[in-house]
Amino acid sequence: MADLVSYERQGAIGIITVDNPPVNALGVGVRQGLLDCLRRGQEDAGATALVIMGAGRTFMAGADIREFGRPLEPPDLNDVIARIEAGPKLALAALHGTALGGGLEVALGCHYRCALRSTQVGFPEVKLGLLPGAGGTQRLPRLVGPEMALRIIVSGDMMSAEQAHALGRIDELIDGDLRAGAVAFAERLVAEGRPRRKISEVDERLEPARRDPGIFDRFRKEIERPARGYLAPFKCIEAVQAAVTLPFAEGLRRERELFLECLASPQSKAQIHAFFAEREAARIPDVPRETPARPIAAAAVIGAGTMGGGIAMTFANAGIPVHVVEATPEALERGLATVRKNYAATADKGRLAPAEMERRLALIRGTLAWDAVADADIVVEAVFEEMAVKQEVFARLDRLAKPTAVLATNTSTLDVDEIARATGRPGQVIGTHFFSPANVMRLLELVRGARTTKETIATAAELARRIGKVWVLSGNCDGFIGNRMLAGYLREAEFLVEEGATPEQVDRVLYDFGFAMGPFAMQDLAGLDVGWRIRKGKAAARRQDQRYSPVADRLCERGRFGQKTGGGWYRYEPGRRAPRPDPEVAALIAESAREQGIRRRAVGDEEILGRCLYPLVNEGARILEEGIALRAGDIDVVYLHGYGFPRYRGGPMYWAGTLGLKGVCDEIARYHQIHGRLWEPASLLRRLAEQGQSFHDLGRA
Ligand code: T1G
């Protein structure tokens, strides 16, 4: 304990330093250490004020999340904060790095706050399915007003120290050395005889909300859609409302009740699983963190289509100059115009300053000259999804790109090794599977080929971090992790409509489950032509003894590619995105059912959910068996960030674990009896089900 928190005096200022790497999490040892050091500082006659700060890269980044799920051990953080706020000595919090959650609550318990300008502050608890449980929902409204507090707490987003200073959350911005600046500020506060300001006693900022309690229902309405299905955002509102309607001590008790309710909820467990799964996905056993990554000072993208343009934007957004190479001036102009339109749309929403937009656009240089790739440290190919085209491009890049350059392919289904064989540097070839729109979707599947070197993986991983992507390493197989699993999900959705369900019924079931949209609306958004081209490429290899639904092909043969053509599985009014059931599609489905002799029937929602989601789990198990994914958590991360799987359910593999693999396996086996080979349970699933284990019990990679 002694070494997690220390106390020393500098002149007349007592300094309490938390040193619990990597992020000074407020575990039980730190809480006890804080109490001990507070006692020492408050009893130290030579100290006129106390400064609380963190050692290393950050102030406290919150409670120790690993402690959740275990009985909470004393001392409670509320007791620590009460000791600070009620203490006889003026307390100043000195912030740097990321002052988050319980860390920010400690700071709000202090009488004053100062921070380096680079500091980020925030209450991310809602992203863990929780709420600030140590006074944050009671003190923040008293400091910034209930409306602003609602926005800060329910969004969970971080805010810069400058913004927080403007809001009065931080009293002083420090330049240079934090400790020296904090001691000087504390000395000034004492010299000026400034009072020990207790936020818990501040009341005036609550008055407007007392006069207008409707703000809470208005806010609930406002978040209804974005927070659909989530528990914690609405509990956060209740807690802030308690700050307005109850005296501080009672509000604190109400906050604790709501916090424990969230902590006990399956949603919080799922979201905490997602938090750690995202961090674990970055651990590749045979590519340790210290594996050297090549520096990326410049990039190039081949193809200015939807994906190419989006990928170029991710580079420019990270400050990396990028050449976009196209075959014709028309295609180049069209691609760059789309990039400019996308940036303008963001700027119009006030989320990008015009000067910043111009700066990013200036980093994207369109060209027809292939030798522009000669300066690039990485070249990402985003051309037509056809092997011959890809191989021709890679052979050319191999000749033109500098010897150290990484050659990446954005293929979503094709064999990375076959592409790499078109070059003399297969070790520097890797799959970088972006998701559409590439400048928005956070997921990046890095696909490791048989010859891809550790250095190439480290280089791509480092780049992924720089362009703000959540990356997952996948082995090389048809469809990698995400699309390979998706095939079963889409297959069953199409079979179900042939058997009697409707596209809108299937979509409603998955929407109610928590997906942003169901399989049919999703295909209409992404464009049916992408999948059609891939299916045509595989038609010859398709087993004739296996059921196949021709409806999607027939829609495409009629030019129905989805929203972009005004019709796909649904029809769309010009300029509108709302899907409308289309009798023409219903007729196509009925015709296909007749041809296959399928007697149509009423299909229940439960069957729809099981037949769409269980194939994800079953194929996920095969992917784990084959080592295509290193961990079940990686698969969850792919589905959370690439396919809109609801975060409060933790991902398909985690979700299956909450149901119990025995039950899931039994259901899959039951469908295997009915529907045959496509539903054969994966042997890993059978084994875990028999042993009463979950996917996450499988040894850490
Ligand atoms: N508890 C335990 N471990 C944590 C942690 C935490 N709060 N934060 C990070 N880690 C681990 C992480 O797993 C990783 O471990 C390593 O630290 C580096 O993290 C009462 C209820 C601070 C912005 O939600 O957002 O306070 O993988 O890789 O990218 O009201 O970590 O190396 O073994 O993410 O530089 C609220 C969560 C808690 C903040 C740094 N706080 N952390 O990002 O590094 S609830 C949070 C983050 C709470 C109170 C409530 C980020 C970061 P490993 P990293 P990074």
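We count ligands from 1, going down the list as the structure has it; atoms in each ligand are counted the same way.
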Closest to [atom] among [options] (heavy-atom distance):
atom	options	result
atom 41 (N) of ligand 1	Gly97, Gly101, Gly122, Ala61	Ala61
atom 27 (O) of ligand 1	Arg283, Glu280, Gln271	Arg283
atom 35 (O) of ligand 1	Met158, Met60, Arg57	Arg57

Under 4.0 Å between a Lys/Arg side-chain N and an Asp/Glu carboxylate O for [X] and [Y]?
X	Y	answer
Asp79	Arg31	no
Asp175	Arg117	yes
Arg360	Glu356	yes
Arg179	Asp177	no

[X] N/O under 3.5 Å from ligand 1 N/O:
X	result
Pro22	no
Ala63	yes
Val23	no
Glu125	yes
Ile65	yes
Leu130	no

At less than 4.0 angstrom from any non-hydrogen atom of [X], what atoms of ligand 1 do you find?
X	value
Phe259	21 (C)
Thr98	22 (C)
Phe276	13 (O)
Glu105	20 (C), 30 (O), 49 (C)
Pro132	30 (O)

Could you find the nearest protein heavy atom to atom 34 (O) of ligand 1 and give me its residue, atom name and distance?
Arg279 NE, 2.6 Å
Considering only protein heavy atoms, which is closest to atom 2 (C) of ligand 1, and at what distance to one decimal place?
Asp64 OD1, 3.2 Å
Of the backbone atoms (N, CA, C, O) and the side-chain heavy atoms from C-beta on, which set of [X] has a member under 4.0 Å from an atom of ligand 1: side chain, backbone, both, or neither?
X	value
Leu100	side chain
Phe59	neither
Thr58	neither
Phe123	neither

Testing the 3.5 Å rule here: is there a donor-acceptor pair between the side chains of [X] and [Y]?
X	Y	value
Thr98	Gln120	no
Asp636	His273	yes
Glu85	Ser200	yes
Gln271	Ser268	no

With under 30° as parallel and over 60° as perpendicular, where do the rings of Tyr639 and Tyr643 fit, or are they tilted in between?
parallel
Answer yes or no for atom 29 (O) of ligand 1: protein heavy atom present at a distance under 4.0 Å?
no
Mark whether atom 45 (S) of ligand 1 lies under 4.0 angstrom from at least one protein heavy atom.
yes
Would you indicate whether the side-chain heavy atoms of Arg210 and Asp203 approach each other to under 4.5 Å?
yes
Separation between SG (Cys114) and CG (Leu92), nearest 0.5 Å, reads 4.0 Å
In this structure, are over 12 heavy atoms from other groups packed under 6.0 Å from Glu238 atom CD?
yes
Cation-pi between Arg218 and Phe216: NZ/CZ under 6.0 Å from ring centre and within 45° of the ring axis?
no
